[in-house]
Amino acid sequence: RTQHTLRPSEFSEVSCCQFRLSNVLSGLHAYCPATFDENHFCRVGIMVHSTLVDFRLRLPSGVHNDTGQRSSGLLGDVLIELARGIMQTQTWPVSDTEIPTIVETVAEQQQVEAIRMGPSGEDEDSESPFHSVRSSNVVEAAVVTMMLSDAVSCVRNECLGRLAAARSSLCSFLLDLSKHQRLAQDDLQLLDIRELKLPDNESSVVAGQTANCFTSMDKKLVTSRPGGSDAGGQTNAVVAARKLVEDVSIVSAQVLEVWQLLLRAIPHRLADVTVMLYASWEKTLMQYFSQCFHSRMLPGSELSHPADKEIWLTHARIADGLRESGHCQHPRLHVIEDLSWVVPASIQTVFFEQRYGCTDGTCHQALAAAYRRGAIPRPPGSGMSPSRPLGCNASPRFLSHVAAGNAKRQSVHSFSSGATDQGLYFGMHVVVFVHGFQASSYDMRLIKNSIALLHPQNLYLLSTANENDTEASFEIMGERLAKEVKSFITEWCPGLSAEQCLGRLSFIAHSAGGLIVRSALPLLIDYRWRMYTFISFSSPHLGYMYSASSLINAGLWIAKRLSQSQCLEQLSFTDDPNLSNTFLVRLAEKPGLEYFKQVVLVSSKQDQYVPFESARIEMSETAECDPKFGTVYAKMVQSLLEPVKAEQVIRLDVDFHFPERNLDTMIGRTAHIQFLECHTMLRALVQTHSFLFE
């Protein structure tokens with residue numbers, strides 16, 4: 001509580017998220033986080049539940065208390081017109097939010113005006129869950145010759161069928177919730193639901209048996225003749241309409257009964273509901289982003305010497321084909337759709353992922369099978385932490401349902417240290433972000449925030465040790481980084497308890513930051529058993545020995561002359577007269593990458609700032625044909641990759657779409673910066689490869 005009380009007028013809107021809901025009337029139980037813009041980067045979990053609870057059939061004005069012939073005729077015409085609309089459309093599209101204006105829907109005491117939708121070509125062939133499919137000529141004949149009794153029966157069947165389906169959907173969700181009860185303990189009897197009683201004892205539905213019982217109930221509703229129902233048997237339209245309203249009210253009351261049970265269950269089992277719906281949302285999102293990934297399993301022999309020497313041309317052709325075909329985008333991402341996530345297929349970023357089998361040429365069958373399914377599998381030994389919605393690992397309300405010991409065990413699945421390759425670890429996961437040449441820690445904020453939203457329990461360090469001097473030698477910048485990391489671990493992971501010790505140590509670097517990290521690794525050898533993930537975004541691991549851009553070579557030469565930059569001298573192999581004694585050659589022989597469980601090399605041929613093969617750490621065709629420097633280049637590749645297991649290496653080639661061509665795109669600067677600023681790319685990478693940051 002503060003002394004100054006804030007008034008609502010003192011607040012202003014700084015950021016908003018827009019969502020599109022689907023299948024609201026068909027029953028909606030979904031979770032979706034709202035992620036705000038990068039200037040107000042935060043995430044709020046949203047959970048939405050909806051159902052159809054009632055139909056309000058409103059009589060025309062002047063016929064409420066008049067049962068004369070005039071009123072009966074007017075109301076009869078309305079009922080017949082209503083039934084004609086139902087028969088012509090056959091069904092309300094389940095995947096669309098529009099419904100015909102034949103009724104006014106009431107949900108949770110709020111009246112919602114429906115949106116008119118006439119019959120269209122795309123709806124004529126859709127199959128109705130309440131009516132058998134009829135040919136168009138049969139429907140037209142039935143519409144023309146429709147009698148009042150048939151109209152009342154048609155409207156009645158439609159209303160009762162949809163209410164019964166809504167109740168069945170609620171029962172099904174409560175049944176799933178009872179099966180997934182893990183964290184909450186209460187006395188709620190979710191399965192203690194009475195059978196659905198339809199008017200005149202036509203049929204009944206048992207809670208939880210939605211798959212079969214709805215079909216039988218549907219048939220009885222559709223085949224029931226007007227003479228078998230009091231409502232349909234009346235020749236007076238007013239009496240028939242009132243009886244119709246009574247029948248709908250009987251079923252509606254039973255839907256509301258189950259709906260109220262759901263409303264009571266959600267606060268008591270909030271953790272269980274959230275975890276269950278979060279898993280569904282995460283699965284849907286993974287399927288969506290997986291469309292943007294073109295994955296391949298390669299033999300380990302191609303780790304250093306690729307069979308396709310111009311793989312970027314192959315990737316460019318595939319990316320253009322995917323964008324033109326629209327394969328990278330579904331029309332609907334989720335029942336709760338964050339519109340900021342939807343990107344037109346024509347500008348979608350496409351990823352090409354390459355993983356490798358064992359060095360003897362065999363591939364892991366599990367990984368290969370996962371790729372065939374279109375999934376993005378976890379590498380061997382990357383941990384199997386369960387899916388958790390944001391905040392569940394740290395929320396006191398969430399942990400109040402879990403025993404303390406069990407809560408600790410759920411957060412420590414992963415690699416351990418020492419002789420064993422897999423097991424349990426205790427402690428914090430520290431993720432270090434390292435910027436590149438003439439950059440700052442602020443440039444890494446978007447990458448850090450994207451990961452932190454999904455893994456808020458980790459500790460994150462945006463390195464500032466080299467912000468004021470990025471032109472020093474890599475040895476000096478590596479020493480600064482190592483000192484900064486040690487100080488951070490000492491302060492935040494003192495080791496006073498199992499939870500306060502260092503559990504994992506990961507590095508994410510951009511451009512020259514990848515070489516700064518590698519220079520610091522020999523100085524961090526005490527933490528080698530804790531090192532988990534190494535990610536480099538377009539880092540020149542093999543320097544600029546072979547650069548495809550003459551503009552970059554000229555700019556590099558000018559920059560060295562003007563700034564006297566030591567790191568640029570090292571990148572161009574001019575820091576020592578003896579090529580074998582240059583810094584990058586010596587750095588390649590030092591240990592480092594083999595300490596990590598996953599080594600991810602992100603590159604793009606569109607980024608001319610860094611040679612493509614240098615960012616991927618692989619032999620280039622030019623080096624193989626160069627008798628003077630090619631042997632040194634090959635020695636660097638061998639020294640870097642030989643100690644690393646092939647199955648731990650992941651190469652990601654990113655193909656961006658640039659609608660305009662300018663100087664920045666020609667020299668590769670745009671693509672180089674996109675690794676830091678492309679929100680869509682980072683979202684897709686972090687969401688699909690979440691195991692890298694657990």
Side-chain angles (χ1 to χ4, degrees), residues 434-441 443-444 463-482 507 509-522 536-590 592 601-604 607-617 620 622-623 626 628-629 632-633 635-637 640 663-664 666-673 675-676:
V434 184
H435 60 80
F437 181 69
Q438 292 185 346
S440 67
S441 60
D443 297 323
M444 304 296 291
S463 176
T464 59
N466 296 295
E467 279 187 330
N468 298 325
D469 184 13
T470 60
E471 298 184 356
S473 66
F474 285 109
E475 297 101 323
I476 295 176
M477 290 190 288
E479 291 176 0
R480 296 172 185 163
L481 175 62
F507 291 89
H510 176 255
S511 190
L515 292 172
I516 298 176
V517 173
R518 286 178 47 209
S519 301
L521 292 179
S536 65
F537 289 93
S538 195
S539 295
H541 295 285
L542 303 176
Y544 287 87
M545 186 177 293
Y546 301 104
S547 177
S549 175
S550 57
L551 291 176
I552 297 300
N553 290 333
L556 185 63
W557 182 84
I558 295 174
K560 288 191 298 182
R561 294 297 180 270
L562 295 179
S563 63
Q564 300 296 318
S565 173
Q566 298 182 49
C567 67
L568 294 182
E569 294 283 352
Q570 293 172 335
L571 285 173
S572 56
F573 297 91
T574 57
D575 56 310
D576 194 283
N578 185 2
L579 183 62
S580 300
N581 197 38
T582 55
F583 170 76
L584 290 185
V585 176
R586 290 184 285 108
L587 180 63
E589 298 173 351
K590 295 181 179 180
L601 306 173
V602 186
S603 60
S604 176
D607 180 5
Q608 297 294 314
Y609 268 29
V610 176
F612 185 68
E613 294 83 0
S614 181
R616 290 166 58 89
I617 313 182
S620 68
T622 306
D626 185 4
K628 184 177 181 181
F629 303 115
V632 177
Y633 191 92
K635 181 181 178 182
M636 294 172 58
V637 174
L640 284 170
L663 180 61
D664 284 341
M666 291 177 59
I667 66 177
R669 180 180 182 274
T670 302
H672 195 70
I673 300 301
F675 286 117
L676 300 175

Return the [atom1] to [atom2] distance between [X] and [Y], rounded to the nearest 0.5 Å.
X      : Y      : atom1 : atom2 : answer
Asn468 : Ser440 : CG    : OG    : 10.0 Å
Ile516 : Phe507 : CD1   : CZ    : 12.0 Å
Arg616 : Ser539 : CZ    : OG    : 14.0 Å
Gln438 : Asp469 : CD    : CG    : 10.5 Å

Can you tell me if [X] uses its side chain to pair, donor with acceptor, with the backbone of [Y] under 3.5 Å?
X      : Y      : result
Ser463 : Val434 : no
Tyr544 : Phe573 : no
Thr464 : Glu467 : no
Asp607 : Ser538 : no

*Are side-chain N/O atoms of Ser572 and Thr574 paired as donor and acceptor at under 3.5 Å?*
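Distance-only check passes for Ser572 and Thr574.
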*Taking atom types as modelled, is there a side-chain donor on Gln570 or Ser473 under 3.5 Å from an acceptor on the other?*
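Distance-only check fails for Gln570 and Ser473.
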Could you check if a side-chain atom of [X] sits within less than 4.5 angstrom of a side-chain atom of [Y], using non-hydrogen atoms only?
X      : Y      : value
Phe583 : Ser519 : yes
Leu640 : Leu542 : yes
His672 : His510 : yes
Leu587 : Phe474 : no
Phe437 : Leu568 : yes
Tyr633 : Asp626 : no
His541 : Leu601 : yes
Leu571 : Leu515 : yes

Shortest non-hydrogen contact from [X] to [Y]?
X      : Y      : result
Ala509 : Gly514 : CB-N, 3.3 Å
Ala472 : Gln566 : C-CB, 4.0 Å
Ala615 : Val602 : CB-O, 4.4 Å
Tyr546 : Ser620 : CD1-OG, 4.2 Å
Gly478 : Ala520 : O-CB, 3.2 Å
Val585 : Met636 : CG2-SD, 3.9 Å

_Residues in side-chain contact (heavy atoms from CB on, under 4.5 Å) contact with Glu479, at least two apart in sequence or another chain_ =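 Checked Glu479 against side-chain contact (heavy atoms from CB on, under 4.5 Å); matches are Leu523.
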*After noting the C-alpha distance and the side-chain angles of Glu589 and Lys635, does the key distance pass the side chain to side chain contact (heavy atoms under 4.5 Å, CB included) rule?*
CA-CA 9 Å; Glu589 298 173 351; Lys635 181 181 178 182; 3.2 Å; yes
*Considering residues at least two apart in sequence or located in another chain, which fulfil the salt bridge (charged side-chain N to carboxylate O under 4.0 Å, His left out) criterion with Arg518?*
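So Arg518 forms no salt bridge (charged side-chain N to carboxylate O under 4.0 Å, His left out) with any residue.
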